**Student:** 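Here it is, the structure, as structure tokens.
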Amino acid sequence: PIDEVPVSLKRRVEHLARQGSYSEAVAALSATPLAPADRATYDKLVALHPQSDVPLSLVAAPGTAARPDFDHAELRKGIYSFSLTSRGGVNGLTPRHIRDIVAHKALNVYPELAQLCGRIATGALPPAACPYFYGARSAALVKDASGAIRPLACGDVLRRLTAKILSSRSRAEARRVFLPLRQFGVSAPAGAETVVHAVRRLVRHYASSRDVERICLKLDIKNAFNSLHRSALLSAIHELFPALLPYFEAAYGTPSTLV
């Protein structure tokens, strides 16, 4: 019943509808609810983000690496690849804000935007600003009836734009590294979808043959990303993708600020 819909949800649905994002508005009505903003939720979030020792620096010093150039075409492609309903980070700046700014005919912000992305890519930012650019705005969704939560983190849109461009430049190297490992989630267009359909066909084939008993096992590592040691991540980046090391060290070389 409409009377039971929270006011905050009504406002979000109305906001999405006014933007013309009708599919997102409908999805919002059936979306997973947020966990209550209380001490219990906070403690669960802390438990899901274990603190570890800060990894040793693998480059001379933050901000000393050569800054990569970001051209107009790369920036424009990256900006317009964001969903218009994508949220912003700690400072509230969203992809829609960026798109509106670059679309203004009286402005030409691409040179300044390129310089800022170059600084983000190498960690050449004022120390006081780093927690905001490399941190994230966090939220907790109700995962199931047991009270478990699913943590979400939305990072700064300019940092995400920088990461999009750097990742795109490394696509060929990523294919070289990951495809021999039978990894189809990165730099493999439609790779995940292909695997899903292949597994379905395989399961149906063996289910109908009945000649040999087989099982299909799917593994899901609990809290995998937050449990990864950053020192191991940076060492792997140093070995496999050295051009990305300055960015990764700036983003992951110190504990992240989650607001």
Side-chain angles (χ1 to χ4, degrees), residues 1-46 48-49 70 72 74-110 112-114 116-117 120 129-145 147-165 167-168 192-193 225-226 251 256-259:
I2 190 64
D3 293 339
E4 298 180 6
V5 178
V7 174
S8 59
L9 179 56
K10 289 181 183 179
R11 291 174 178 170
R12 172 161 172 74
V13 171
E14 291 173 356
H15 173 69
L16 290 170
R18 282 195 297 269
Q19 291 182 326
S21 304
Y22 301 115
S23 59
E24 287 86 354
V26 172
L29 290 172
S30 58
T32 305
L34 288 172
D38 55 21
R39 182 70 191 190
T41 298
Y42 172 80
D43 290 340
K44 292 176 183 177
L45 282 173
V46 171
L48 290 172
H49 294 83
F70 292 84
H72 182 284
E74 284 183 313
L75 290 168
R76 178 179 173 81
K77 181 179 179 181
I79 291 168
Y80 281 86
S81 69
F82 284 105
S83 167
L84 282 178
T85 57
S86 182
R87 296 300 187 92
V90 177
N91 62 15
L93 189 69
T94 69
R96 176 178 282 275
H97 293 145
I98 301 297
R99 189 181 295 193
D100 289 343
I101 292 172
V102 300
H104 199 291
K105 296 185 182 299
L107 299 175
N108 180 21
V109 299
Y110 281 105
E112 289 73 19
L113 192 58
L116 181 54
C117 287
I120 294 173
C130 289
Y132 301 98
F133 279 97
Y134 302 115
R137 185 171 61 175
S138 60
L141 302 181
V142 177
K143 189 174 183 179
D144 52 41
I149 62 172
R150 186 186 305 279
L152 296 179
C154 191
D156 180 80
V157 64
L158 294 174
R159 182 200 57 77
R160 286 151 56 196
L161 172 62
T162 303
K164 276 177 175 283
I165 296 173
S167 297
S168 179
E193 293 88 341
F225 185 81
N226 290 331
S256 299
T257 299
L258 300 178
V259 178

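Here the structure is a predicted model, which means the values were calculated and not measured.
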**Student:** Could you grab the distance from atom CG of Leu34 to atom CG of Leu141, nearest 0.5 Å is fine?
**Tutor:** 6.0 Å
**Student:** State whether the number of non-hydrogen atoms from other residues, nucleotides or ligands found under 6.0 Å of Arg150 atom CZ is greater than 12.
**Tutor:** no
**Student:** Quick one: does any side-chain atom of Tyr134 pair with a main-chain N or O of Ile120 as donor and acceptor, under 3.5 Å?
**Tutor:** yes
**Student:** Any idea which heavy atoms bring Leu45 and Pro151 closest together, and the distance?
**Tutor:** CD2-CB, 3.8 Å
**Student:** To the nearest 0.5 Å, what is the distance between CG (Leu152) and CZ (Arg137)?
**Tutor:** 11.0 Å
**Student:** Counting only N and O atoms by type, is there a donor-acceptor contact under 3.5 Å from the side chain of Ser168 to the main-chain atoms of Ile165?
**Tutor:** no
**Student:** More than 12 heavy atoms of other residues, nucleotides or ligands under 6.0 Å from CZ of Phe82: yes or no?
**Tutor:** yes
**Student:** Got more than 12 heavy atoms from elsewhere within 6.0 Å of CZ, Arg87?
**Tutor:** no
**Student:** What distance do Arg99 atom CZ and Ser86 atom OG have between them, rounded to the nearest 0.5 Å?
**Tutor:** 10.5 Å
**Student:** Would you name the heavy atoms of Cys117 and Leu161 that are closest together and state the gap between them?
**Tutor:** SG-CD2, 4.1 Å
**Student:** How long is the straight-line distance from NE2 of His49 back to OG of Ser256, given to the nearest 0.5 Å?
**Tutor:** 8.5 Å
**Student:** Roughly how far, to the nearest 0.5 Å, is the CD1 atom of Ile101 from the CG atom of Leu113?
**Tutor:** 9.0 Å
**Student:** Do Val109 and Ile98 touch side chain to side chain, with heavy atoms closer than 4.5 Å?
**Tutor:** no
**Student:** Taking all non-hydrogen atoms of both residues, which atom of Ala140 and which atom of Thr41 are closest, and how far apart?
**Tutor:** CB-CG2, 3.8 Å
**Student:** Is the number of heavy atoms from other residues, nucleotides or ligands under 6.0 Å of Tyr42 OH greater than 12?
**Tutor:** no
**Student:** Could you tell me whether the side chain of His97 and the main chain of Thr94 form a donor-acceptor pair under 3.5 Å?
**Tutor:** yes
**Student:** Measure the spacing between OH of Tyr132 and OG1 of Thr257 and express it to the nearest 0.5 Å.
**Tutor:** 8.0 Å
**Student:** Would you indicate whether the side-chain heavy atoms of Phe70 and Thr162 approach each other to under 4.5 Å?
**Tutor:** yes
**Student:** Among Ile79, Leu107, Leu75, whose side chain to side chain contact (heavy atoms under 4.5 Å, CB included) with Val102 holds?
**Tutor:** Ile79
**Student:** So, the side chain of Lys164 versus the backbone of Lys77: is there a donor-acceptor pair under 3.5 Å, distance only?
**Tutor:** no
